[in-house]
Chemist: 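Here's a structure for you.
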Amino acid sequence: EEARKAGVGRAARVRSSQSRNVRLFVSSCFLDMQMERMALMKITFPYLRAVCASLGLQFSEVDLRWGVQEESKDYTVVTTCLREVERSSPYFLGFIGQRYGWVPPRQALEQTVPALKDAEGLVDQADGKSLTHIEVIKGVMRLPKEKRRARLYARDPQFVADLPDDLRKLCASESDFAATSIEKMKAHMKENGIDVIPYYHPEDLAAFALQEFLDIIYEDFKDFDCDGDPLEIERFVHESFAEARVRSYVNWPATEALVDKELDPATTGPLLLLGASGSGKSSFMAHLADKLQKTAGAGNDSVLVLQHYVGQSSESAHYASMLKRLMSDLRAYAGQTESALAIPDDPAIMAKEFVNFLALASACKPEGCVYVLLDGLNQLQDVDKARQLDWLPAAFPANIRFLVSASDSDVSAVLAKRGWRVETMPAMQAKDVRQLAVSYLGSYGKELEEKRLSRLEASPQTTNPLFLRLLLDELRIVGQFELLDTQINDLLKSRDVVQLYTRVLFRLETMYDSRDDRAKAATPSASAASVSNADVAEGGRVRRILSYLLVARRGLSESELLGALGVTRASASAVLMAVQESLLSSSGLMMFHHAALRQAVTARYTPQEEDRVQAHRELAEYFASMDSQNSRKYDELPWHLQESQQTDRLQELLSDLTTFHMMTLTRFQRLELGAFWRGLGVNKAGPAYKAKLLAHLTSPAFTAAAAAAA
């Protein structure tokens with residue numbers, strides 16, 4: 001709920017020098033805290049990431065549970081951990097149980113100090129203490145109280161006592177020395193003004209940490225408020241999305257050559273960049289926009305770079321909303337005011353005026369240049385035949401450059417026929433895999449050993465950027481040091497993105513569809529044998545949420561999805577947060593971003609016709625319960641009745657006079673109404689409407705109303 005509100009009410013124009021990265025260091029012993037770390041990955045971090053994204057911030061949890069092996073007693077472990085504590089400062093989340101953990105020798109501390117920024121006296125402070133205790137000293141105690149952004153928690157020993165024998169042994173204190181040291185550590189924290197908050201269950205910790213760090217983030221970034229201007233909020237959303245993509249972007253020679261070509265003054269005319277879903281087009285477009293802005297130089301008001309990413313906000317997929325924002329920016333570039341140059345409200349007039357706004361921008365600064373980057377144009381809503389691109393001028397002034405990306409589609413065919421220069425998104429090479437993996441994992445404070453990087457490099461499917469990103473995310477979320485090789489090999493058994501998404505779906509089911517979520521303690525790890533349809537939880541949240549999104553005609557709003565599920569927001573939001581990067585939003589309606597996810601969901605949850613019919617039936621029942629004046633009812637209900645083969649109910653709905661009124665308001669709706677009747681048999685429409693109209697005209701209510709009017 002906080003994330004949803006934040007997207008509307010807390011978006012802002014960020015122009016300050018304040019860091020836009022929130023790196024949260026996660027500190028605890030490793031072996032006994034797997035349940036806590038999984039609860040944080042499941043509940044806390046997805047929400048914090050969504051809230052930060054709505055504020056234009058980049059959230060990264062720095063969880064070193066793999067990439068660093070606590071029991072290895074390798075001195076470099078101390079350096080790695082404490083450097084990550086410094087990079088994440090002042091954000092720190094610590095939790096302790098009954099284990100005290102490894103105590104590094106003094107020599108390791110002495111070797112670490114030169115690599116740290118603020119380490120005077122640290123060796124003496126940390127000598128004889130565990131690595132977890134040292135992280136608290138470095139990340140919290142050595143900071144002035146007013147600068148601390150830390151929360152520390154302690155697990156109730158009774159929770160361990162209530163565990164099964166095997167888990168109880170894993171979580172129990174290592175020795176009497178460790179038990180005594182834990183109590184001394186708590187006392188040390190209290191002496192330094194640190195409140196240690198008790199909790200019983202790992203999911204209690206996740207809930208506490210979520211609320212605490214939401215409060216911290218909102219307080220720290222309270223100056224990022226917006227002025228309520230919808231166009232400014234929309235602009236901010238696109239700029240924030242682009243900045244996030246630029247931060248994680250990894251160049252390879254072929255893409256850099258394409259960037260250089262577009263930066264070359266000799267390159268003219270509009271560009272169409274073609275690429276399959278997941279090929280990295282959006283990241284490339286964000287990187288290109290960034291390079292164009294940097295090449296122009298700060299303060300150069302003769303160059304304007306406009307960027308729009310279809311699907312990244314609730315209104316971004318509607319062509320009229322996109323045009324309105326672009327025209328507003330063009331008007332400002334030309335030095336015109338809103339009162340002097342109004343933007344029409346009617347989409348058809350707006351589309352005709354767009355060419356005049358471009359001409360004005362071109363003429364006002366003939367020495368300048370306007371770059372318009374439109375990403376994912378094939379995902380525009382096909383309202384008013386928007387995908388035929390009649391709103392896009394056939395020709396542009398020389399100093400107006402359009403750079404558009406799309407998957408191979410009707411949109412790309414239209415632009416190719418217009419003579420646009422076409423480039424294909426360069427494929428990533430095996431040698432580029434290593435660089436992307438190192439860069440992406442590095443943002444989370446993780447690294448893979450050489451042999452594991454080589455394993456990724458040698459696997460041909462990792463040259464697909466979406467596949468590699470999904471794989472790295474799975475390792476980041478569920479990877480365990482002692483199982484890392486097994487997990488990498490298991491994930492690489494997926495031959496393509498569809499199969500990898502299937503493993504992701506299994507992991508989501510394991511995390512969110514347990515009959516007793518609070519009893520779940522094991523870290524999920526999907527093996528090749530464990531992703532059969534037999535494992536799908538009956539009535540599970542993941543299956544129902546994704547099945548509904550799959551069969552929805554135009555997508556579902558969050559409130560519609562919750563209504564169809566019959567659950568509270570809290571029950572479904574965690575799943576939505578977990579898959580948010582694979583969804584796009586079109587006028588507030590959620591839908592799948594990647595075709596590969598759609599294929600995986602189809603194969604896993606609706607492999608048979610009866611599965612799809614059932615999902616359509618369930619959505620039909622929800623939309624049938626909607627108010628008769630809600631236009632969304634008529635967007636979806638006829639479709640679901642048709643697809644669930646409920647022909648009698650469909651005919652009854654279409655012949656209803658209120659439905660007739662609601663589905664004849666626009667030309668597009670009239671065409672849809674006709675299409676549904678053709679599916680039933682056109683000859684049925686006349687008699688059905690005649691019967692309904694006669695019944696209405698002879699009803700007591702109508703007769704009384706007519707008499708009163710007379």
Side-chain angles (χ1 to χ4, degrees), residues 3-4 7 46 50 277-278 310-314 316-317 376 378-382 466 470 497-498 500-509 511-513 533 536-624 626 632-633 635-644:
R4 184 185 67 81
S277 174
V310 177
Q312 295 312 312
S313 75
S314 61
S316 63
N378 57 290
Q379 296 181 108
L380 280 176
Q381 284 182 299
D382 202 15
L466 179 57
L470 276 175
V497 179
V498 176
L500 186 54
Y501 261 129
T502 301
R503 294 176 186 275
V504 173
L505 295 177
F506 174 78
R507 191 258 301 169
L508 292 174
E509 294 159 16
M511 293 181 76
Y512 298 107
D513 281 347
N533 287 315
V536 179
E538 180 67 20
R541 281 176 289 178
V542 175
R543 179 189 68 79
R544 292 184 67 203
I545 287 171
L546 297 181
S547 295
Y548 288 170
L549 290 175
L550 175 71
V551 302
R553 191 179 193 194
R554 296 195 174 96
L556 296 172
S557 70
E558 188 174 356
S559 60
E560 289 170 352
L561 184 57
L562 295 176
L565 291 167
V567 300
T568 63
R569 189 179 303 278
S571 179
S573 288
V575 179
L576 292 175
M577 294 293 182
V579 298
Q580 65 174 353
E581 291 198 4
S582 294
L583 301 177
L584 60 83
S585 177
S586 175
S587 296
L589 304 179
M590 296 178 290
M591 59 192 71
F592 294 137
H593 197 345
H594 300 293
L597 176 57
R598 174 174 288 276
Q599 294 172 41
V601 169
T602 299
R604 187 155 178 80
Y605 301 131
T606 61
Q608 305 299 326
E609 177 65 19
E610 56 263 32
D611 300 317
R612 290 188 287 276
V613 167
Q614 181 60 29
H616 282 295
R617 282 182 178 273
E618 291 171 9
L619 282 184
E621 292 308 312
Y622 169 72
F623 282 103
M626 272 189 172
R632 281 287 293 152
K633 177 173 185 171
D635 284 342
E636 294 285 337
L637 181 55
W639 164 255
H640 294 298
L641 291 175
Q642 174 182 278
E643 294 303 302
S644 58

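Side-chain atoms are counted along with the backbone in the values below, which use heavy atoms only and exclude waters and symmetry mates. Throughout, residue positions are numbered sequentially from 1 according to the sequence presented.
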Chemist: Using every non-hydrogen atom in the two residues, find where Leu589 and Ser557 come nearest and quote the distance to one decimal.
Modeler: CD2-N, 3.5 Å

Chemist: What are the two closest non-hydrogen atoms of Arg553 and Glu636, and how far apart are they?
Modeler: N-OE1, 3.0 Å

Chemist: Can you see which heavy atom on Ala620 is nearest to which on Leu641, and at what distance?
Modeler: CB-CD2, 4.0 Å

Chemist: List the atom of Lys633, the atom of Met626, and the distance in Å for their closest heavy-atom pair.
Modeler: NZ-O, 3.2 Å

Chemist: Could you state the interatomic distance from CZ (Phe623) to CH2 (Trp639), rounded to the nearest 0.5 Å?
Modeler: 13.0 Å

Chemist: To the nearest 0.5 Å, what is the distance between CZ on Arg612 and OG1 on Thr602?
Modeler: 7.0 Å

Chemist: Under a plain distance cut-off of 3.5 Å, with no hydrogens placed, do Glu618 and Gln614 share a side-chain donor-acceptor pair?
Modeler: yes

Chemist: If you apply the rule side chain to side chain contact (heavy atoms under 4.5 Å, CB included), what do you find for Arg632 with Leu556, and how did you get there?
Modeler: CA-CA 10 Å; Arg632 281 287 293 152; Leu556 296 172; 4.2 Å; yes

Chemist: May I ask you to test the Val497-His594 pair for a side-chain heavy-atom distance under 4.5 Å?
Modeler: no

Chemist: Just how far is it from atom CD of Gln381 to atom CZ of Arg554, taken to the nearest 0.5 Å?
Modeler: 8.5 Å

Chemist: Is it true that Tyr622 and Glu560 share a donor-acceptor pair across their side chains at a distance under 3.5 Å?
Modeler: no

Chemist: Taking side chain as C-beta onward, heavy atoms only, is Tyr501 less than 4.5 Å from Val579?
Modeler: no

Chemist: Grab the two heavy atoms, one from Leu597 and one from Ser582, that are nearest each other, plus how far apart they are.
Modeler: CD2-CB, 3.6 Å

Chemist: In Å and rounded to the nearest 0.5 Å, what is the CG to CG distance from Leu549 to Leu576?
Modeler: 7.0 Å

Chemist: Any side-chain heavy-atom pair from Met590 and Glu558 closer than 4.5 angstrom?
Modeler: yes

Chemist: Nearest 0.5 Å, please: how far is CG in Leu565 from CD1 in Ile545?
Modeler: 5.5 Å

Chemist: Mind checking the OG1-CD spacing from Thr502 to Gln599? Nearest 0.5 Å is all I need.
Modeler: 9.5 Å

Chemist: For the pair Leu619 and Tyr548, evaluate side chain to side chain contact (heavy atoms under 4.5 Å, CB included) and give the outcome as yes or no after the intermediate values.
Modeler: CA-CA 7 Å; Leu619 282 184; Tyr548 288 170; 3.9 Å; yes

Chemist: For Leu546 and Val601, which heavy atoms make the closest approach, and how far apart are they?
Modeler: O-CG1, 3.7 Å

Chemist: Take the angle between the ring planes of His640 and His616 and call it parallel below 30°, perpendicular above 60°, tilted in between.
Modeler: tilted

